[in-house]
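Written below as structure tokens is the structure these notes are about.
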Amino acid sequence: MALGGISGIGFFALSQAYRLAEASVVTPFEYTYLPWSVFWAWMIFGSLPGFTTWIGLSMIVGAGLLIVFREAVMGLRVGRRKGLGILRQR
């Protein structure tokens, strides 16, 4: 039950982040599941990803960082849009 409640809160928070900010800004933060999945696979199953998986993980993380830096260089505002209430639909 605790796992279901925590997952529900996490998914709600993620959906609010996508609602309040641009997807290109929020998505890189969603990639934090990658190190956690490697950690838990190692802790529970005692296995680490293979070489090709590490290359794929590096490409995913690199693309996410590239997007974050590109957005920062372009000077796009990140944050809450004016007049957007929590229950207001687009």
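For the single chain, residues carry numbers from 1 onward in sequence order. Just the heavy atoms: all of them, side chains too, but no hydrogens, waters or symmetry mates, feed the values below. Predicted model only: the values in this text are computed from it and were never measured.
I44 contributes atom CD1, which lies 9.0 Å from atom CZ of F39 (distance to the nearest 0.5 angstrom). For the atom pair S37 OG and L57 CG, the distance stands at 7.0 Å (nearest 0.5 Å). For the atom pair CH2 of W36 and CE of M43, the computed distance is 11.0 Å after rounding to the nearest 0.5 Å.
Looking at heavy atoms from C-beta onward, V38 lies out of side-chain contact with L34 at the 4.5 angstrom threshold.
By the criterion of side-chain heavy atoms lying less than 4.5 angstrom apart, applied directly or through intervening Ile, Leu, Val, Met, Phe, Trp or Tyr residues, W42 is grouped together with V61 in one hydrophobic cluster. Each of F51 and I60 belongs to its own hydrophobic cluster when Ile, Leu, Val, Met, Phe, Trp and Tyr are linked at side-chain heavy-atom distances under 4.5 angstrom. L48 and M59 sit in two unconnected hydrophobic clusters of ILVMFWY residues. Membership requires side-chain heavy atoms under 4.5 Å apart, directly or through other members. Under the 4.5 Å side-chain heavy-atom criterion for grouping Ile, Leu, Val, Met, Phe, Trp and Tyr, V26 is not connected to L66 through any hydrophobic cluster. A single hydrophobic cluster is seen to contain both Y33 and L65, as judged by linkage of ILVMFWY side chains at heavy-atom distances under 4.5 Å, directly or through other members.
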- Evaluation steps, side chain to side chain contact (heavy atoms under 4.5 Å, CB included), between Q16 and F11: CA-CA 9 Å; Q16 292 303 307; F11 284 121; over 6 Å; no
